[in-house]
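Before any comments, here is the structure.
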Amino acid sequence: MDDERWQPGMPALDRQAVRTPGLPPSLAALPARSVPETAPTPLQKQYINVSAVALVAGAVAITALELGTPLDSPFIKVCVLISAPLIILVNGDAVVRIWRSAWAWMPVNRGRGLFRLIWVAAGISGLLAIAAAATAVLLA
């Protein structure tokens with residue numbers, strides 16, 4: 001035994017290879033669970049703040065409608081003018097992030113990349129629905 005700390009009666013332990021930071025051996029054979037993000041989206045730092053403003057303005061408009069305010073009310077139109085562009089902006093930023101994620105996954109796991117492309121299509125259809133609804137309210 002070449003270890004000076006070893007004493008008679010102690011079990012001899014084989015040295016293990018030094019691990020590099022990364023996945024533990026139990027997860028090494030599994031497919032990748034994530035891919036790194038290469039660049040932040042334009043609104044990444046302001047995403048929560050802009051979303052909160054859009055949420056509050058939209059909630060105020062919906063509450064007013066539930067309380068009987070007519071759709072052609074200037075109050076509703078102001079709330080829609082504030083919230084619709086903001087929610088379209090943040091959802092567009094989310095669609096960009098999903099788009100980038102889809103193409104980052106393609107070389108790693110094509111199925112996951114294609115699944116994310118379906119979410120891009122759903123996000124774009126959601127953006128179109130929000131724009132159509134805001135237009136309908138503003139033209140009422």
Side-chain angles (χ1 to χ4, degrees):
M1 182 66 50
D2 60 348
D3 189 351
E4 67 276 354
R5 296 174 295 171
W6 185 82
Q7 295 178 1
M10 291 178 67
L13 300 175
D14 294 328
R15 293 203 180 262
Q16 298 177 356
V18 177
R19 287 193 209 174
T20 57
L23 290 175
S26 61
L27 297 177
L30 296 177
R33 298 188 321 179
S34 64
V35 292
E37 186 173 357
T38 57
T41 54
L43 282 180
Q44 189 170 17
K45 290 184 180 181
Q46 295 84 16
Y47 189 85
I48 300 294
N49 297 330
V50 175
S51 296
V53 172
L55 173 70
V56 169
V60 167
I62 291 170
T63 303
L65 286 171
E66 289 290 325
L67 293 174
T69 306
L71 192 60
D72 61 349
S73 165
F75 181 75
I76 300 295
K77 290 185 179 192
V78 167
C79 288
V80 170
L81 278 173
I82 293 170
S83 65
L86 295 178
I87 202 70
I88 288 172
L89 189 67
V90 296
N91 283 346
D93 189 71
V95 169
V96 167
R97 191 171 188 168
I98 298 167
W99 175 262
R100 290 178 181 175
S101 171
W103 292 108
W105 270 105
M106 286 296 185
V108 177
N109 186 329
R110 187 168 174 81
R112 287 186 182 183
L114 292 174
F115 181 76
R116 281 161 175 77
L117 285 178
I118 293 170
W119 276 104
V120 169
I124 290 171
S125 65
L127 287 173
L128 293 174
I130 293 168
T135 303
V137 169
L138 294 175
L139 295 178

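FYI, side chains are in, hydrogens and waters are out, and symmetry mates aren't considered; it's all heavy atoms of this structure. In this chain, residues are counted from 1 in sequence order. In this text the structure is predicted, and so the values were computed from the model without any measurement.
Between A102 and R116, the closest heavy-atom pair is CB-CB, 3.7 Å. Among all heavy-atom pairs drawn from C79 and A61, the shortest one is CB-CB, 3.6 Å. Closest of all the heavy-atom pairs between A122 and S125 is O-OG, 2.8 Å. The two residues R100 and P40 come nearest to each other via the heavy atoms NH1-O, 3.1 Å. The two residues A84 and A134 have their closest heavy-atom pair at CB-CB, 3.5 Å.
Atom-to-atom distance recorded for W119:CH2 and I124:CD1 is 13.5 Å, nearest 0.5 angstrom. Atom CG in N49 sits 11.5 Å away from atom CG in L86 (nearest 0.5 Å). Remark: I62 CD1 to I76 CD1 distance equals 9.5 Å, nearest 0.5 Å. With rounding to the nearest 0.5 Å, the separation of CG in L89 from CG in L127 is 10.0 Å.
I82 and V80 fall into different hydrophobic clusters, where Ile, Leu, Val, Met, Phe, Trp and Tyr side chains are chained together by heavy-atom contacts under 4.5 Å. Hydrophobic clustering, with ILVMFWY side chains joined whenever heavy atoms are under 4.5 angstrom apart, groups L71 together with L81. A continuous path of hydrophobic side-chain contacts links L114 to V95 [ILVMFWY only; heavy atoms under 4.5 Å]. L55 and L65 are members of different hydrophobic clusters when ILVMFWY side chains are connected at heavy-atom separations under 4.5 Å. Taken together through direct or relayed side-chain contacts under 4.5 Å among Ile, Leu, Val, Met, Phe, Trp and Tyr, M106 and I98 form part of one hydrophobic cluster.
R97 contributes no side-chain N or O that, together with a main-chain N or O of Q44, makes up a donor-acceptor pair within less than 3.5 Å.
Applying the ring pair (Phe, Tyr, Trp, His ring centres under 6.0 Å) rule to pairs touching residues 57-100 yields W99-W103, sequence neighbours excluded.
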